[in-house]
**Q** 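Here it is, the structure in full.
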There are 2 protein chains.
Amino acid sequence: MSQHRHPGAPGRAGAVPALPDLPEATVARLPEYLRALHNLADAGHETVSSEGLSAAAGVNSAKLRKDLSHLGSYGTRGVGYDVALLIEQIEYVLGLTQRRAVALVGVGNLGHALAGYDGFASRGFRIAALLDADPSRVGEEINGLVVRHVDELPAVAVEESIAIGVIATPAAAAQSVADQLVAVGVTSILNFAPCVLSVPEGVDVRKVDLAIELQILSFHEHRKASLTALPATGGSALTALPGGLAATETQEAIGT
Amino acid sequence: MSQHRHPGAPGRAGAVPALPDLPEATVARLPEYLRALHNLADAGHETVSSEGLSAAAGVNSAKLRKDLSHLGSYGTRGVGYDVALLIEQIEYVLGLTQRRAVALVGVGNLGHALAGYDGFASRGFRIAALLDADPSRVGEEINGLVVRHVDELPAVAVEESIAIGVIATPAAAAQSVADQLVAVGVTSILNFAPCVLSVPEGVDVRKVDLAIELQILSFHEHRKASLTALPATGGSALTALPGGLAATETQEAIGT
DNA sequence: CGCGATTTGTGCACGTCTTCACAAGCGCCT
DNA sequence: AGGCGCTTGTGAAGACGTGCACAAATCGCG
Ligand SMILES: NC(=O)c1ccc[n+]([C@@H]2O[C@H](COP(=O)([O-])OP(=O)(O)OC[C@H]3O[C@@H](n4cnc5c(N)ncnc54)[C@H](O)[C@@H]3O)[C@@H](O)[C@H]2O)c1
Ligand SMILES: NC(=O)c1ccc[n+]([C@@H]2O[C@H](COP(=O)([O-])OP(=O)(O)OC[C@H]3O[C@@H](n4cnc5c(N)ncnc54)[C@H](O)[C@@H]3O)[C@@H](O)[C@H]2O)c1
């Protein structure tokens, strides 16, 4: 834990970053590994095996090893992964070595909760600005930050060098806000409004929609209910499949 | 739009539900289609083409058609899909014909926002109970619902026939809350706490983690930055791939 | 110094998802 | 009635993701 010389991560800034292009599925899991690693580090572990880490992250151990191999990270055979080193590696790949500034637009019901959330700061981000269109909200102070008017976005973007915009406005305003964010150079948006945003190429949008999550759960609930209703009657319920193409696996949800 | 006789949906309850087992990816998109369809219906559209609906939902039109074909839904060639009929079909498949009761555990910062959110009710759900462990929160009224102590969960589950549990407690308490939910028969959980939950087989857990979304955005931000830094220098940066196995596609992020 | 226990990294096979491209079907217009 | 344009539904191919199983590498111990 003195000074490591990590292989993939850059010893120098400004040189070739050598970012391997990771599978998207891997990228989506890296934050989970990172959280698990931080827990392990806090618990005093110096190293961890793929088995242990995968259990902590809730994934298959082979998948974890493959994921880590993609970012060229070197574990030690017979030992495992150095926790501190792996944290550094993943944080570098995820671009968390610089603390990115986040602008939160829409300080309503949800926005208040987000503004007061300490999980931003502890996981590599900094809420740099709170913005709203409602004049009665402007000036309010939350968690040491004053709500500013959304029209000040251009100024704020320069002052704070905003990297990520978070939209927590009603759906009707979301596209307009997204346009404003894009106009000031924001290329990453997290959208809480239940609507699709259209943005120019090169801008990434991720969406969090509570109702969608609930509806997916509802589907499985529905399916589970219909399965228990007919324990061994018809087997799998194939409605109107024309040919003889039955499903490959008849039951997988209950077995194993 | 008088009384439709929809082919896949059941005319009778209690009979064989005939739920086709949809690909998981399809299930995850159905709610998006449903939202888009409701928008179209509100705008007065009677029918919609796969092209139009896919645009509204932000997906590829072929994908949409295949998704809809999976649930045996019949559009009309040359015309498109009947909006009202398709809404019925999807709501049936997702199990939204019955309004499911949701119990929200942890009425803190985030929990307050969720409790005050009208997007639950408008999309097929009913917040049936608010629960918290903090005695000073118990008794508080939010949106017409009184916060009850989490120990009352067994009673609440029976009274309201809870279908889905939402966890908005700190991570340290999440596993315990999940266990309690499972103990009273809840088989679907939406978890906002940044931790993995272990639950028995047959229980579905979905997770929403804000920091993960931000970190994924951060990765792409990082990648974009490193790409613009070297416009035509080294092409794709492969670090230490041993053999001659180069990536199949050298550049795909910029082209097209 | 060598051996066995352990754990990583990965080739391979399999399943799932996406996308293209087009035949089949439908309605409208002449 | 017939043809024409439009749209669905789907076969097929390829891209992608997953998981097994094992060789290679490393450490600790005798
Ligand atoms: N509250 C929740 O728990 C929750 C959960 C999931 C999703 N959402 C979604 O998040 C969004 C916000 O929800 P909410 O409950 O906080 O709503 P809200 O009405 O309480 O807050 C919206 C805020 O956005 C501001 N606003 C409106 N137009 C704006 C504009 N053009 N520019 C800047 N600010 C603008 C309003 O002044 C208001 O303060 C909605 O789209 C909602 O569907 C909310
Ligand atoms: N606030 C946000 O915007 C936000 C965003 C994403 C994720 N989260 C996550 O959501 C969770 C809640 O965040 P928060 O900001 O609302 O925290 P909070 O501390 O404000 O609220 C937590 C609530 O849970 C209650 N609680 C604690 N233990 C409990 C138990 N065993 N049973 C029932 N209730 C219990 C507490 O009394 C408190 O009211 C956290 O895990 C957080 O990481 C929050």
Side-chain angles (χ1 to χ4, degrees), chain A residues 7-8 20-30 33 45-55 57-83 85-86 89 239-250 252-253 256, chain B residues 7-8 20-30 33 45-55 57-83 85-86 89 239-250 252-253 256:
Chain A
D21 46 356
L22 309 175
E24 193 55 32
T26 295
V27 174
R29 282 187 293 265
L30 287 181
Y33 302 155
H45 291 75
E46 300 254 334
T47 64
V48 63
S49 70
S50 66
E51 203 65 47
L53 182 54
S54 68
V59 301
N60 182 304
S61 70
K63 187 155 37 179
L64 176 119
R65 286 199 298 276
K66 188 152 290 186
D67 283 341
L68 294 186
S69 78
H70 279 130
L71 43 91
S73 158
Y74 300 162
T76 313
R77 289 163 192 238
V79 177
Y81 299 91
D82 181 300
V83 172
L85 173 57
L86 200 47
Q89 290 266 76
T239 39
L241 286 187
L245 315 175
T248 52
E249 307 254 341
T250 317
E252 56 168 12
T256 312
Chain B
D21 45 355
L22 308 174
E24 193 56 32
T26 295
V27 174
R29 282 186 294 266
L30 287 181
Y33 303 155
H45 291 74
E46 300 253 334
T47 63
V48 65
S49 70
S50 68
E51 204 64 47
L53 182 53
S54 69
V59 301
N60 183 303
S61 71
K63 186 155 39 178
L64 176 120
R65 286 198 298 278
K66 185 147 289 186
D67 283 342
L68 294 187
S69 78
H70 279 129
L71 43 89
S73 160
Y74 301 160
T76 313
R77 291 161 129 103
V79 177
Y81 299 90
D82 181 299
V83 172
L85 173 56
L86 200 48
Q89 290 266 75
T239 37
L241 287 186
L245 314 175
T248 53
E249 307 257 339
T250 318
E252 56 167 13
T256 312

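So that the names make sense, note that chain A is the first sequence line, chain B the second, and so on, each numbered from 1. Keep in mind it's a predicted model, so treat the numbers as computed, not measured.
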**Q** Tyr81(B) side chain: which of dT8(C), dG11(C), dG9(D) is closest?
**A** dG9(D)

**Q** What's the separation between atom CD in Glu51(B) and atom CG in Asn60(B), rounded to the nearest 0.5 Å?
**A** 8.5 Å

**Q** Just wondering, do Gln89(A) and Tyr74(A) contact through their side chains at under 4.5 Å, heavy atoms?
**A** no

**Q** Got a second to check how far Leu64(A)'s CG is from Ser49(A)'s OG, nearest 0.5 Å?
**A** 9.0 Å

**Q** Which parts of nucleotides 23-30 of chain C does protein reach within less than 4.0 Å, heavy atoms only, written one letter per nucleotide 5' to 3' as B for base, S for sugar-phosphate only and - for none?
**A** -BBBS---

**Q** For a 4.5 angstrom cut-off between non-hydrogen side-chain atoms, does Leu30(B) reach Leu71(B)?
**A**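 The answer is yes, as the side chains (C-beta and beyond) meet within the 4.5 Å cut-off.
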
**Q** Drop me the distance from His70(A)'s NE2 to Arg65(A)'s CZ, to the nearest 0.5 angstrom.
**A**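 Result: 13.5 Å between the selected atoms.
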
**Q** Using the side-chain heavy atoms of Asn60(B), tell me which of these nucleotides is nearest: dC20(C), dT7(C), dC20(D).
**A**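 Selected nucleotide (nearest to the side chain): dC20(C).
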
**Q** Could you state the NE2-P distance from His70(A) to dG9(C), rounded to the nearest angstrom?
**A** 12 Å

**Q** Check the distance between dC17(C)'s P and Asp67(B)'s CG and give it to me in whole angstrom.
**A** 10 Å

**Q** Round to a whole Å and report the spacing from CG of Leu22(A) to C1' of dC16(D).
**A** 15 Å

**Q** Measure CG/Leu64(B) against P/dG9(D) and give the value in whole Å, please.
**A**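 About 10 Å, once rounded to whole Å.
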
**Q** Rounded to the nearest 0.5 Å, how far apart are CZ of Arg29(B) and NZ of Lys66(B)?
**A**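 Going from the CZ atom of Arg29(B) to the NZ atom of Lys66(B) covers 11.0 Å.
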
**Q** Are side-chain heavy atoms of Leu86(B) and Leu53(B) found at a separation under 4.5 Å?
**A** yes

**Q** Rounded to the nearest Å, what distance is computed from the OH atom of residue Tyr74(A) to the C1' atom of nucleotide dT10(C)?
**A**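 Computing the Tyr74(A):OH to dT10(C):C1' distance gives 14 Å.
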
**Q** What's the CD-C1' distance between Glu24(A) and dA15(D), to the nearest Å?
**A** 14 Å

**Q** Between the base of dT18(C) and the side chain of Lys66(B), is there any donor-acceptor pair under 3.5 Å?
**A**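 Such a pair does not exist between side chain and base.
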
**Q** Please state how far atom NZ in Lys63(A) lies from atom C1' in dG17(D), giving the value in whole angstrom units.
**A**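 Answer to the nearest Å: 8 Å.
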
**Q** Taking the side chain of Ser50(A) as its heavy atoms from C-beta onward, which of dT8(C), dT10(C), dG17(D) lies nearest to it?
**A** dT8(C)

**Q** Taking only side-chain N and O atoms of Arg65(A), does any of them lie within less than 4.0 angstrom of OP1 or OP2 on dC22(D)?
**A**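 Looking at the OP1 and OP2 atoms of dC22(D), neither is under 4.0 Å from any side-chain N or O of Arg65(A).
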
**Q** Of the nucleotides dT8(C), dC17(C), dT8(D), which one has an atom closest to the side chain of Ser49(B)?
**A**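 The closest nucleotide is dT8(D).
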
**Q** Starting at the 5' end of DNA chain D, which residue's closest nucleotide do you reach first, Ala62(A) or Ala25(A)?
**A**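 The residue whose closest nucleotide sits nearer the 5' end is Ala25(A).
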
**Q** How long is the line joining CG of Leu68(B) and P of dT8(D), in whole Å?
**A** 9 Å

